[in-house]
Peer 1: 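Sharing a structure, written as structure tokens. Questions coming.
Computed from a prediction, not measured in an experiment: that's the story for all the values here. The analysis underlying the following values was restricted to heavy atoms, covering all of them including side chains, and did not include hydrogens, waters or symmetry mates.
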Amino acid sequence: LNARVVLDLVYHPLETRLLRAARKRRAVVVPGWQMLVEQGAAQFEIWTGLRAPLPVMRRAVLRALRSGSARGQPA
């Protein structure tokens, strides 16, 4: 792994082998769940004209991913 910044589109698991390896090498990492939230926030702002509630969206995504409900499993 020879990069300063690593972006991973995968959001489950929250931390992939790629992200762990990048962190070990002190690279800046952007996990998939974070990109999912940012994309959703941009869409929210385009459609509503309002600022996206990023902290609320972040908590909701992480809660869903940790509970399994975002993967089609019962919460």
Peer 1: Mind checking what makes side-chain contact (heavy atoms from CB on, under 4.5 Å) contact with Ala27, not counting sequence neighbours?
Peer 2: Val6, Ala22
Peer 1: Hydrophobic side-chain clustering at under 4.5 Å (ILVMFWY, transitive links): who's grouped with Leu50? Put none if nobody.
Peer 2: Phe44
Peer 1: For Ala41, give me all partners under side-chain contact (heavy atoms from CB on, under 4.5 Å), at least two apart in sequence or on another chain.
Peer 2: Ala52, Leu54, Met57
Peer 1: Group every Ile, Leu, Val, Met, Phe, Trp and Tyr by side-chain heavy-atom contacts under 4.5 Å, then state whether Leu19 and Val10 land in the same group.
Peer 2: no
Peer 1: How does the hydrophobic cluster around Val28 look, that is, which other residues are in it when side-chain heavy atoms under 4.5 Å mark a link?
Peer 2: Val5, Leu7, Leu9, Val30, Met35
Peer 1: For residues 13-38, which residue pairs pass the side chain to side chain donor-acceptor pair (under 3.5 Å) check, not counting sequence neighbours?
Peer 2: Asp8-Thr16, Glu15-Arg23
Peer 1: Output every pair passing salt bridge (charged side-chain N to carboxylate O under 4.0 Å, His left out) with a member in residues 39-60, not counting sequence neighbours, ordered by first then second residue.
Peer 2: none
